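Letters A, B, ... are given to chains in the order of the sequence lines, protein chains preceding strands, and every chain is numbered from 1. Quick caveat, the model's predicted, so the values are computed rather than measured.
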2 protein chains.
Amino acid sequence: MTEIADALPKSGPPATEIADWIRSQIRANRFVPGQRLVEVDIIRRTGGSRFKVREAFQRLAAEGLLEIEEFRGASVREASLAEVSQLYRARAALEGICAADFTRLASDEDKERLREIAEKMETCVESGAAEQFGKLNGEWHSMIMRVTRNDVIADLVSRLNTPVHHLLFESFYRGDRMNEATRDHRAILDAILAGDPEAAEKAMRRHVENGLQFLTSLDRALFGD
Amino acid sequence: MTEIADALPKSGPPATEIADWIRSQIRANRFVPGQRLVEVDIIRRTGGSRFKVREAFQRLAAEGLLEIEEFRGASVREASLAEVSQLYRARAALEGICAADFTRLASDEDKERLREIAEKMETCVESGAAEQFGKLNGEWHSMIMRVTRNDVIADLVSRLNTPVHHLLFESFYRGDRMNEATRDHRAILDAILAGDPEAAEKAMRRHVENGLQFLTSLDRALFGD
DNA sequence: GGTCACCAAATTGTCAACAATATGGTTAGC
DNA sequence: GCTAACCATATTGTTGACAATTTGGTGACC
């Protein structure tokens, strides 16, 4: 009843918050693939109880983000190139259909906003602001999905993307990749503005598949062949 | 070292097995949407410890199959028609791309096997064996995805389907729906045999969307409008 | 010097007891 | 008869202690 009692009714953050925190750490490349997540460490840093931390681990394991081994605990799952390739194939299908839906459903303001983001990205290319470019790119893609009001697909794509965030983070938007992405975006935008859903879908698919191809070449460059 | 020691080294089934069991119960329509899953009950029926049961709950909640409320435990999540509609949209995109891939990649034996299943389904239509029809239908769809070696997409589609299994179970394959599905399958198969990936994709999409339309009409019939 | 068995520390798995909350029925009051 | 407060029961949330296993290092032996 007192202020104090109201101030500390909870002993710690719920499992979902802990899971969100771990997810954000992975996205920010603080937890890298293969890294072991020690329970005590997470407890110290989140303030959650051991029980809740383990609940969070389970959730993230079900999402495919963590791997749990008997008596060895949780570690950030490493996606093989083969798996990443499959993830991108799924993304191409899902984002493609969203691009088509966007073309049909979006209002003029929506389209204008999309064009604005694309414009900002082009200025990033000129100034070489790779990080900002990546951020805007995320906005661009998620806007297309948000407008079509398909939360399920938006959620799926977001989950599909997480395992490769550590790759996108550092070395993805370097060199020609920004130029290529900009070209792709322009093609998509043109199809949308022309009101051609099928063309928009095809362009979006090609865009995602180009991303995969770039990732593949990057992988070869990093790990040899 | 003795036979006895080998016979009972484990105190109970692991969390993944419990999760699988619950999933199968939901798929078999034994656990229906909205039903509460009491921990003690699951413990009694699976032989797992309370701890493991709760781990299983967390995993299934992350999959979207269960809903966990504070102090009220887990219950089978109820998918709204709006959500089901979105799930089908995603399925249409994913299975569509798989159909196209199948057309490109499948061996002659694969295609022959697909044709055989379709043939069996047609005999089911004649004899009105709805349950068998549904089972074969599952095989048909999963075969298309398995051949393309895209486990990620196969897994996604399987998860997308689970929330509506209770609908498919009872009243889905009645009346004209089997005929319609058979027509769709024939169109898909024709495109595949003709080696036309784009046509196969379109036909598959139409098939999934027909399924959604049927579900929608069924929903209207059941719950009024 | 190298290899293997063994030991101690760290880490995770499991369980049982207790606290907190929801649920359903009962009773008092109108 | 009806509503609302109340209470017993059922159910879930939380914690702590202990068991099982891995891990990294140490020393004996070849």
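The existence of a salt bridge linking A/R23 and A/E63 is confirmed by a sub-4.0 Å separation between a basic side-chain nitrogen and an acidic carboxylate oxygen. Note on B/E209 versus B/R206: no salt bridge recorded, every NZ/NE/NH1/NH2 to OD/OE distance being 4.0 Å or above.
The side chain to side chain donor-acceptor pair (under 3.5 Å) test applied to A/S158 returns A/R27, not counting sequence neighbours. Partners of B/R45 by salt bridge (Lys or Arg N to Asp or Glu O under 4.0 Å), not counting sequence neighbours, listed by chain and number: B/D41.
Computed from coordinates, the B/F51 CZ to D/dG16 P distance equals 15 Å when rounded to whole Å. Across the protein-nucleic acid pair, B/Q58 atom CD and D/dT14 atom C1' stand 14 Å apart, rounded to whole Å. Regarding A/D41, its CG atom lies at a distance of 14 Å from the P atom of C/dA10, rounded to whole Å. Between the C1' atom of C/dT14 and the CD1 atom of A/I68 lies a distance of 15 Å, rounded to the nearest Å.
Both the sub-6.0 Å distance and the 45° axial angle are not jointly satisfied by B/R54 relative to the ring of B/F57.
Contact of the A/V76 side chain with the A/V32 side chain is not registered, since no non-hydrogen atoms from C-beta on lie closer than 4.5 Å.
OP1 or OP2 of C/dC15 has at least one side-chain nitrogen or oxygen of B/S49 nearer than 4.0 Å.
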Output one line per pair: protein atom, nucleotide atom from nucleotides 5-12 of chain D, and distance, for all N/O pairs under 3.5 Å.
{"residue": "D/dT12", "atom": "OP1", "partner": "B/E39", "partner atom": "N", "Å": "3.4"}
{"residue": "D/dT12", "atom": "OP2", "partner": "B/E39", "partner atom": "N", "Å": "3.2"}

